[in-house]
Amino acid sequence: MMATTTMEGASNGGILYHEVQESKLCAVHCVNTVLQGPFFSEFDLAALASDLDLKERQMMIQGAAASSGDFFSEESHNVSLDGDFSIQVLEKALEVWDLQVIPLHSPVAEPAQIDPELENAFICHLHDHWFCIRKVNGEWYNFDSLYAAPMHLSKFYLSAYLDTLKGAGWSIFLVRGNFPKECPISASEASNGYGQWLSPEDAERITKSLGSSTQAPSEKPSLNQQSSDLSYGEAEMLSQMEDDDLKAAIAASLMDSAPASSKSEAVASSQDENESSKNKVE
């Protein structure tokens, strides 16, 4: 049965919940920003990892695969010594809140590949870093814990940004289900040392004040043209992209959203450049 998208209403009174990187706890930050509140600690995820390890060992025993030896070592397969958690741990954590994690390349997620703006959340992973892209109160934000504040993403830019991440080797997962509308934790319990509640205006001010110091290793410099059509956060990410192929993908997306007159001018300019190149060769 194909999972369906659940429409999200206003959450936390319009306030954004963001966690800034602490040690190597990006998986914890990722889960909590998907849920929009300090729902899990590193100890909670470690307990889920331990439970998964135990079940995996039991399955190996039942499958008479003891000769492999690997699953019978003390080393965990779901949490590393430096604190990185597996996708299975994140899945289990989100299942507690009736949320399903689906690889974006799977057939079930095909609608999200076409119209990602109709979804509510994505989880991104590369090497040892996790972060989430989340829709809150109808607006998309990049909640990467390497940023001092969440970065706003326009709907048309979201698709190009996801394509950029995929092209750079990131694994992307779709999150579907009944997202919590309010954080059920009191204000006195909600302080974990790295979480903060921000209005969208506060998040924008922080992003502008820090400028490029908020950049994450996931983005590389890119286009300067047409950046005036983007939010400050998007312009920052575009300014960090270098790869020509990724530039072209985002440029095409921007062109699709530009007025017809702008498109014709860009096409004419491109044709003039081509003619000039031909003349030089001749």
- request: Would you check if the distance from the ring center of W170 to the ring center of F131 is below 6.0 Å?
  value: yes
- line: Heavy-atom nearest pair, A168 first then L126, reads O-CD2, 4.3 Å
- request: Could you tell me the separation between the CG atom of L210 and the CZ atom of R205, rounded to the nearest 0.5 Å?
  value: 13.0 Å
- prompt: Is there a chain of hydrophobic side chains (I, L, V, M, F, W, Y, each step under 4.5 Å between heavy atoms) that links Y17 to I15?
  reply: yes
- prompt: Is there a donor-acceptor pair closer than 3.5 Å between any side-chain N or O of Q36 and the backbone N or O of T33?
  reply: yes
query: Where is the tightest heavy-atom contact between C124 and L165, given as atom of each residue plus distance?
result: SG-CD1, 3.8 Å
message: Could you tell me if the side chain of F179 sits less than 4.5 Å from the side chain of N120, heavy atoms only?
response: yes
- prompt: Distance-only, no hydrogens or angles: does the Q100 side chain make a donor-acceptor pair with backbone N or O of R176 under 3.5 Å?
  reply: no
statement: The reported gap from SG in C30 to CG in L45 (rounded to nearest 0.5 angstrom) is 10.0 Å
- request: Test V20 against Y147 for side chain to side chain contact (heavy atoms under 4.5 Å, CB included), laying out the working first.
  value: CA-CA 7 Å; V20 178; Y147 292 157; over 6 Å; no
query: Side-chain heavy atoms under 4.5 angstrom apart, residues restricted to Ile, Leu, Val, Met, Phe, Trp, Tyr: same cluster for L94 and I87?
result: yes
message: Would the distance check show the side chain of K166 and the main-chain N or O of S171 forming a donor-acceptor pair, the cut-off being under 3.5 Å?
response: no
- prompt: Looking only at heavy atoms, which two atoms of V101 and E91 are closest? And how far apart?
  reply: CB-CG, 3.6 Å
field: Parallel, tilted or perpendicular: ring planes of H152 versus Y141, cut at 30 and 60 degrees
entry: perpendicular
task: Search all heavy atoms of F85 against all heavy atoms of A46 and return the closest pair with its distance.
output: CE2-N, 3.5 Å
Passing candidate, side chain to side chain donor-acceptor pair (under 3.5 Å) with D144, options H18, Q21, H129, H29: H129
message: Donor-acceptor pair, distance only, cut-off 3.5 Å: does the side chain of E19 make one with the backbone of P38?
response: no
Test item: S209 side-chain N/O and I206 main-chain N/O as donor-acceptor pair under 3.5 Å: yes
- request: Please name all residues satisfying ring pair (Phe, Tyr, Trp, His ring centres under 6.0 Å) with F173, sequence neighbours left out, ordered by chain then number.
  value: none
- prompt: Could you walk me through whether I133 and L153 pass the side chain to side chain contact (heavy atoms under 4.5 Å, CB included) check?
  reply: CA-CA 9 Å; I133 300 172; L153 304 175; 3.8 Å; yes
- prompt: Rounded to the nearest 0.5 Å, how far apart are SG of C26 and NE2 of H125?
  reply: 7.0 Å
Qualifying salt bridge (charged side-chain N to carboxylate O under 4.0 Å, His left out) pairs, either residue in residues 28-52, two or more places apart: D51-K55
message: Would the distance check show the side chain of S41 and the main-chain N or O of F43 forming a donor-acceptor pair, the cut-off being under 3.5 Å?
response: yes
field: Distance in Å, L118 CG paired with D115 CG, rounded so as to fall on 0.5 Å steps
entry: 4.5 Å
- prompt: To the nearest 0.5 Å, what is the distance between CD1 (I123) and CG (L174)?
  reply: 9.5 Å
message: Could you tell me if the side chain of V34 sits less than 4.5 Å from the side chain of C132, heavy atoms only?
response: yes
- prompt: Out of curiosity, does L90 fall in the hydrophobic cluster containing W97 (side-chain heavy atoms, cut-off under 4.5 Å, transitive links)?
  reply: yes
- request: Output yes when a side-chain donor or acceptor of R134 lies under 3.5 Å from a complementary backbone atom of A121, and no otherwise.
  value: no
message: Under a 3.5 Å cutoff, is there a donor and acceptor pairing between the side chains of D84 and W130?
response: yes
- line: Heavy-atom nearest pair, I172 first then L162, reads CD1-O, 3.6 Å
- line: salt bridge (charged side-chain N to carboxylate O under 4.0 Å, His left out) pairs touching residues 93-114, sequence neighbours excluded, are K92-E95
- prompt: Where do W140 and K155 come nearest, in terms of heavy atoms and distance?
  reply: CD1-CG, 4.2 Å
